[in-house]
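Here's the structure, in structure tokens; my notes come after.
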Amino acid sequence: MSRNGISEAMFKAAAEVMPGGVSSPVRAFRSVGGTPIFFKSASGAEVEDVDGNRYIDFVGSWGPMLLGHAHPEVVEAVREVASRGLSFGAPTPLETEFCELIIELVPSVEMVRLVNSGTEATMSAIRLARGYTGRPKIVKFSGCYHGHEDSLLVQAGSGVATLGIPGTPGVLPALAAETLTAPYNDLASLEAIFDRFGEEIACCIVEPVAGNMGCILPQPGFLERLRSLCTGSGAVLIFDEVMTGFRVAAGGAQARYGITPDLTTLGKVIGGGLPVGAYGGRREIMERVAPVGPVYQAGTLSGNPLSVTAGMTMLKLIRGIPDLYTRLDDLSRQVSEGMRDVLRGAGVAASSAHVGGMFGVSFREEAPRSYEEAKEADVARFNRFFHAMLRQGVYLAPSAFEAGFVSYAHTDAQVARVLEASEAAIREVLASGG
Ligand code: KE4
């Protein structure tokens, strides 16, 4: 049987009962081809699949595993709180303590609402911005992903400063038309949008470091100008820190880059692997949220004791590790620049980007600054490299348009192993004509 025989059999069964055999599209390997790997267990920086193969993991459940899989203190805290009841649908002191901790760590956040996913967080933040300003339009950036909320599943119109069009069937053209899209890092396009629609813009939502088109850093001045344009037009600036929150700095990208948004969305790390999201920001805006304000938003399992306990344990651990972000910065630099240098050494066009615990390697000579540039990369070669790395025991994100994630559990020995694997993998790819 092949090294993934059991995964292959399980995928066939899964595809009978779930669309694409998965609970979320990117897991289906449609971007990289082949059969997705079914996981059996994980610990620290490693995962094991159902065929018994082990991998050094750079996905970490798409971001939550900042301290490594199955962190013993997180697992024990969840086990203990679960024994006292799984959910009450009523206030608990845990939520208050958790929100106080988020407010302590993210200074721009004065008040928080807990939800159950990053999508719920961004969906709610946009509704709140529209309710607070009374304005219809939102601004986003091509290649940035903020969850599957209708207003955000929108493609750019025919040109910049034109009305959006649905990015997927099911999104109403009339709603899509209220979303304006600019290329990431493109200040001229942004200025054109604000010049034309300024007074109609409720909010601008941005990934302060883009992690859904590879890893793309904000160019100097980009976030600063975004802040000043929103301030000048009365639009709400939303930093979507679902991925960057607690990953690039304890206070998120906003702390790292010194920009104060009006609202922040969070997820992933703050749940430690359990379902959670949050949105928060200026008290004046947050007090428009029901039941104290008129903007409705609700959730049966919001503030769930298990998710909150996992998240609170994560944040307390993060707060207690003085070298966490220097270590994460060093790991992501070693992995991304090491992999880039291996590829370049083999004569392959490659570039890299990293910040905090996230990184990207692009099969493109220059590091992309936008989605339009990211799409110029040699994706077919990345896909062959991805599978060659799997055979070497390294699990990269199964798409050229995702970021990679390191954890405090990754070791220097594992990094050295990954760079050896990269050498072998790119040799295999080139030897087979790719
Ligand atoms: P969720 O609804 O998946 O919890 O969060 C949506 C979301 C919001 N904002 C940002 C910046 C995000 O990256 C995400 C979700 N990220 C993807 C990975 N690129 C989740 C993986 C998936 O869709 O399965």
Side-chain angles (χ1 to χ4, degrees), residues 14 18-32 36-37 39 57-66 113-127 138 140-154 167-168 184 203-218 223 238-248 252-254 261 263-280 297 299 301-302 304 307 310-311 355-360 371 374 395-405:
M18 292 182 279
V22 292
S23 298
S24 194
V26 72
R27 305 178 191 174
F29 275 26
R30 297 238 165 170
S31 177
V32 291
I37 305 288
F39 284 4
D57 179 25
F58 289 105
V59 178
S61 183
W62 301 101
M65 302 307 162
L66 191 79
R113 170 58 62 84
L114 300 174
V115 293
N116 299 283
S117 71
T119 295
E120 262 197 88
T122 57
M123 170 178 73
S124 307
I126 281 168
R127 181 183 311 132
I138 63 173
K140 73 177 292 289
F141 296 90
S142 48
C144 283
Y145 175 69
H146 305 285
H148 59 88
E149 208 272 318
D150 280 6
S151 288
L152 296 166
L153 291 179
V154 171
T168 169
Y184 197 74
C203 65
C204 180
I205 185 166
V206 67
E207 289 183 60
V209 175
N212 287 285
M213 43 177 156
C215 178
I216 295 184
L217 307 183
L223 296 176
I238 302 173
F239 266 21
D240 178 359
E241 298 227 40
V242 167
M243 183 183 287
T244 54
F246 305 101
R247 177 155 287 280
V248 303
Q254 57 194 268
L263 293 178
T264 298
T265 54
L266 296 166
K268 296 181 192 278
V269 170
I270 68 165
L274 270 68
V276 76
Y279 65 101
Q297 180 270 311
L301 297 176
S302 296
N304 173 275
S307 298
V355 59
M358 61 193 282
F359 69 91
Y371 186 48
Y395 193 80
L396 300 174
S399 164
F401 300 104
E402 294 286 355
F405 303 102

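Each ligand, and each atom within it, is numbered from 1 in the order the structure gives. Since the model is a prediction, treat every value here as computed from it, not as a measurement.
- The contact set between ligand 1 and Met243, taken as ligand atoms under 4.0 Å from a residue heavy atom, comprises 13 (O), 19 (N).
- Between atom 4 (O) of ligand 1 and the options Ala397, Gly118, Gly277, the minimum heavy-atom separation is to Gly118.
- The residue Glu120 has no part lying near ligand 1, judged by heavy-atom distances below 4.0 Å.
- When only interatomic distances are considered, the shortest N/O to N/O separation between Trp62 and ligand 1 does not fall below 3.5 Å.
- In this structure, atom 8 (C) of ligand 1 lies nearest to the protein heavy atom His146 C, 3.4 Å.
- Distance check, rounded to the nearest 0.5 Å: CZ of Phe359 to CG of Leu396 gives 6.5 Å.
- Residue Asp240 is tested with Thr265, Thr122, Thr264 for a side-chain hydrogen bond (donor to acceptor under 3.5 Å, both in side chains); the sole match is Thr265.
- For the residue pair Arg113 and Gln297, a side-chain donor N or O sits within less than 3.5 Å of a side-chain acceptor on the partner.
- Atoms of ligand 1 lying under 4.0 Å from at least one heavy atom of Tyr145, given by number and element, are 9 (N), 10 (C), 11 (C), 12 (C), 14 (C), 15 (C).
- Here is the list of ligand 1 atoms found below 4.0 Å of a heavy atom in Val26: 22 (C), 24 (O).
- On a distance-only criterion, Thr119 and ligand 1 share at least one N/O pair closer than 3.5 Å.
- Remark: the backbone N or O of Gln254 is paired with a side-chain donor or acceptor of Glu241 at under 3.5 angstrom.
- In terms of protein heavy-atom proximity, atom 9 (N) of ligand 1 is closest to Asp240 OD2, 2.7 Å.
- Close contacts of ligand 1 with Glu207, meaning ligand atoms under 4.0 Å from a residue heavy atom, involve 11 (C).
- Although no hydrogens or angles enter the test, the distance criterion places a donor-acceptor pair under 3.5 Å between the side chain of Ser307 and the main chain of Pro275.
- Listed by number with element, the atoms of ligand 1 under 4.0 Å from a non-hydrogen atom of Glu402 are 18 (C), 19 (N).
- Looking from atom 22 (C) of ligand 1 to the surrounding protein, the closest heavy atom is Ser24 OG, 3.4 Å.
- Among all non-hydrogen protein atoms, the one lying nearest atom 13 (O) of ligand 1 is Asn212 ND2, 3.0 Å.
- At least one N or O atom of Lys268 sits closer than 3.5 Å to an N or O atom of ligand 1.
- Side-chain contact between Ile138 and Leu152: present, with at least one pair of heavy atoms (C-beta onward) separated by less than 4.5 Å.
- Close approach of ligand 1 to Gly147 is summarised as follows: ligand atoms under 4.0 Å from at least one heavy atom of the residue are 6 (C), 7 (C), 8 (C).
- With rounding to the nearest 0.5 angstrom, the CD atom of Glu402 is 10.0 Å from the CE atom of Met358.
- Tyr184 places a side-chain N or O within donor-acceptor distance of the main-chain N or O of Glu207, the cut-off being under 3.5 Å.
- In terms of heavy-atom proximity, Ser302 sits nearest to Val115 at OG-CA, 3.7 Å.
- Checked against His146 for a side chain to side chain contact (heavy atoms under 4.5 Å, CB included), the options Leu153, Ile205, Ile238 give a single hit: Ile205.
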